[in-house]
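One structure below.
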2 protein chains.
Amino acid sequence: MDYRTDVRRIKALADENRLAIMLALQHGEKCACLLLEELKISQPTLSHHMRLLRDSGLVYGRKEGKWMHYSISPEGTKSFRAMIRSYARCDCEEDATGTCPYKAEDE
Amino acid sequence: MDYRTDVRRIKALADENRLAIMLALQHGEKCACLLLEELKISQPTLSHHMRLLRDSGLVYGRKEGKWMHYSISPEGTKSFRAMIRSYARCDCEEDATGTCPYKAEDE
DNA sequence: TAAACATATTTATGGATGTCAATATGTAAA
DNA sequence: TTTACATATTGACATCCATAAATATGTTTA
C-alpha cells in the first residue's frame with residue numbers, strides 16, 4: 001500500500017506553529033496579517049505553513065483584494081479525523097457504529 | 001501554550017512505516033520478528049520505529065523471553081484521537097454531543 | 001503612472017529524522 | 001559455560017524540514 005498522501009496530511013499537523021494556527025482559526029476566519037501578529041514568526045514562514053495546511057485540505061483560503069483570509073475546512077478536518085481513526089484504532093475497541101441511531105459515522 | 005508533547009505524538013504517526021505497523025497490529029498483538037517480515041526494513045530500523053510508537057502511547061510492548069510482543073493501546077489511540085479532534089475541528093461543525101443518548105464522546 | 005502595502009516564492013542554512021552497519025544486551029538452548 | 005538467537009543501542013550518513021533574508025507578484029491608493 002502507499003501511505004504517502006496520508007503521511008503528508010499528518011505531517012501538516014505535526015508542527016507547533018501549525019497547531020497554534022489551527023486553534024487560532026477554530027472560532028472563525030482570520031486574515032493572514034492577524035495570524036502574523038499572534039504567532040511570533042516571520043511573514044515567509046507563515047506563508048509556508050499556510051500552504052502546507054491548505055495543501056492538506058485542513059484549511060481553506062480566500063483572497064479578498066490584497067488580503068488572504070484563512071478558515072478551517074469542515075470537510076477537510078472531518079476526513080482528516082476519519083483518516084486518523086483508520087490508523088489509531090484496534091479491533092478490541094468497541095465501535096459505536098450501530099449503537100447510535102443518529103450519527104455514529106465519525107467514531 | 002506549549003504544543004511540544006502533542007507535536008511529538010503526531011510525529012509518531014507521521015511516517016509510512018509506522019502507519020503500516022499500526023495497520024499490522026490492528027487485529028491483535030504481533031511479535032517484532034513478524035513485523036520485521038512484513039515490512040521491508042532492517043531490524044534496527046524497526047526497533048527505532050517501535051520505540052517512537054511506544055513513547056507516544058499508541059502501542060504497548062510486552063516482553064516474553066527473548067521476544068517482544070507489540071499491540072495497539074486502546075487508551076492510547078483513544079486519547080490520540082481526542083487530541084487530534086481538539087485541533088482538527090471548527091466551531092461551525094455540528095457537535096454530536098447531546099444528540100446521541102448512547103455515546104457521542106468520541107466525535 | 002508611481003508608491004505603498006499584503007502575501008507568495010526563492011534561496012540558503014541549521015537542525016531534526018529515517019536508515020542501516022556494527023555492536024551491545026539479554027535470553028534460551030546445547 | 002558456550003553457542004545461538006531476538007531485540008536494543010550506537011554511530012554515521014543522507015534526506016527532509018522549519019526558518020528567515022531577499023526578492024517577486026499582485027493589489028490598492030495617490
Side-chain angles (χ1 to χ4, degrees), chain A residues 1-25 29-73 87, chain B residues 1-25 29-71 87:
Chain A
M1 202 183 305
D2 188 23
Y3 306 95
R4 266 176 302 183
T5 302
D6 288 342
V7 167
R8 189 155 33 81
R9 291 179 79 195
I10 297 174
K11 281 186 176 175
L13 218 51
D15 177 87
E16 296 196 31
N17 282 313
R18 293 196 288 274
L19 286 186
I21 292 168
M22 291 301 288
L23 292 189
L25 295 178
E29 190 181 73
K30 269 186 186 174
C31 173
C33 54
L34 237 169
L35 291 172
L36 199 50
E37 285 179 7
E38 299 185 23
L39 309 170
K40 301 305 179 188
I41 57 179
S42 70
Q43 181 270 322
T45 299
L46 175 65
S47 183
H48 165 71
H49 288 311
M50 298 318 296
R51 189 150 75 95
L52 294 183
L53 287 175
R54 290 179 66 182
D55 288 350
S56 75
L58 286 168
V59 164
Y60 184 68
R62 177 176 67 86
K63 189 166 190 178
E64 190 179 280
K66 52 182 173 180
W67 287 279
M68 273 299 296
H69 297 272
Y70 295 108
S71 57
I72 302 287
S73 162
Y87 295 107
Chain B
M1 202 181 306
D2 188 23
Y3 306 96
R4 267 176 301 182
T5 302
D6 288 342
V7 167
R8 189 156 33 81
R9 291 178 78 195
I10 297 174
K11 281 186 177 177
L13 215 53
D15 177 88
E16 297 195 31
N17 282 314
R18 293 196 288 273
L19 286 186
I21 291 168
M22 291 302 288
L23 292 189
L25 295 178
E29 190 181 73
K30 270 186 187 173
C31 173
C33 54
L34 237 169
L35 292 173
L36 198 50
E37 286 178 7
E38 298 185 24
L39 310 170
K40 301 304 178 188
I41 57 179
S42 72
Q43 181 271 321
T45 299
L46 175 65
S47 182
H48 165 70
H49 288 311
M50 298 318 296
R51 188 150 75 94
L52 294 183
L53 286 174
R54 289 179 68 181
D55 288 349
S56 75
L58 286 168
V59 164
Y60 184 68
R62 177 176 68 85
K63 189 167 189 177
E64 190 179 280
K66 52 183 174 180
W67 287 279
M68 273 301 296
H69 296 272
Y70 295 107
S71 55
Y87 295 108

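Throughout, protein chains are lettered first and strands after them, A, B, ... in sequence-line order, and every chain is numbered starting at 1.
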Could you give the [atom1]-to-[atom2] distance, from [X] to [N], as a whole number of Å?
X       : N      : atom1 : atom2 : result
A:Glu37 : C:dT7  : CD    : P     : 10 Å
B:Glu64 : D:dT7  : CD    : C1'   : 14 Å
B:Lys40 : C:dG18 : NZ    : C1'   : 19 Å
A:His69 : D:dT27 : NE2   : C1'   : 13 Å
B:Leu13 : C:dT17 : CG    : C1'   : 16 Å
A:Leu53 : D:dA18 : CG    : P     : 10 Å
B:Leu46 : C:dT19 : CG    : P     : 11 Å
B:His49 : C:dC20 : NE2   : C1'   : 11 Å

Starting the side chain at C-beta, find the nucleotide from [options] nearest to [X].
X       : options               : answer
A:Lys66 : D:dA8, C:dA6, D:dA18  : C:dA6
A:Cys31 : C:dC20, C:dT7, D:dA18 : C:dT7
A:Asp15 : D:dT19, D:dA22, C:dT7 : D:dT19
B:Trp67 : D:dC16, D:dT9, D:dA6  : D:dA6
A:Pro44 : D:dA22, C:dT7, D:dC16 : D:dA22
B:Lys11 : C:dT17, C:dT7, D:dC16 : C:dT17

Report task. Begin from the C-alpha positions of B:Leu35 and B:Met50 and carry the test side chain to side chain contact (heavy atoms under 4.5 Å, CB included) through to its verdict. Result -> CA-CA 10 Å; B:Leu35 292 173; B:Met50 298 318 296; 4.2 Å; yes

Query raised in the report: At their closest point, which heavy atom of B:Leu19 faces which heavy atom of B:Leu13, and how far apart are they?
Result: CD2-O, 3.3 Å

Report summary line: On DNA chain D, more 5' by nearest nucleotide between A:Gly65 and A:Asn17 is A:Asn17

Report task. Working to the nearest 0.5 Å, report the span between CG of B:Leu58 and CG of B:Leu25. Result ->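 Rounded to the nearest 0.5 Å, the CG-CG separation comes out at 10.5 Å.
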
Do the side-chain N or O atoms of [X] get closer than 4.0 angstrom to the phosphate oxygens (OP1, OP2) of [N]?
X       : N      : value
A:Lys63 : C:dT7  : no
A:Arg51 : C:dT9  : yes
B:His48 : D:dT7  : no
A:Thr45 : D:dT19 : no
A:Ser42 : D:dT19 : no

Query raised in the report: Under 6.0 Å from the CZ atom of A:Arg62, do we count more than 12 heavy atoms belonging to anything else shown?
Result: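 Yes, enclosed.
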
Query raised in the report: Considering only heavy atoms and no angle criterion, is a donor-acceptor pair shorter than 3.5 Å present between the side chain of A:Gln43 and the base of C:dA6?
Result: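 Donor-acceptor pair under 3.5 Å: no.
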
Query raised in the report: How is B:Arg8 classified with respect to the nucleic acid when contacts are heavy atoms under 4.0 Å: base, sugar-phosphate, or nothing?
Result: nothing

Requested in this report: Report which part of the nucleic acid B:Leu36 touches: base, sugar-phosphate, or nothing (heavy-atom distance under 4.0 Å, all strands).
Outcome: nothing

Report task. Evaluate side chain to side chain contact (heavy atoms under 4.5 Å, CB included) for B:Leu23 paired with A:Tyr3, printing each intermediate quantity in order. Result -> CA-CA 11 Å; B:Leu23 292 189; A:Tyr3 306 95; 3.8 Å; yes

Query raised in the report: Within the side chain of A:Arg18, is there an N or O that forms a donor-acceptor pair under 3.5 Å with the backbone of A:Ala12?
Result: yes

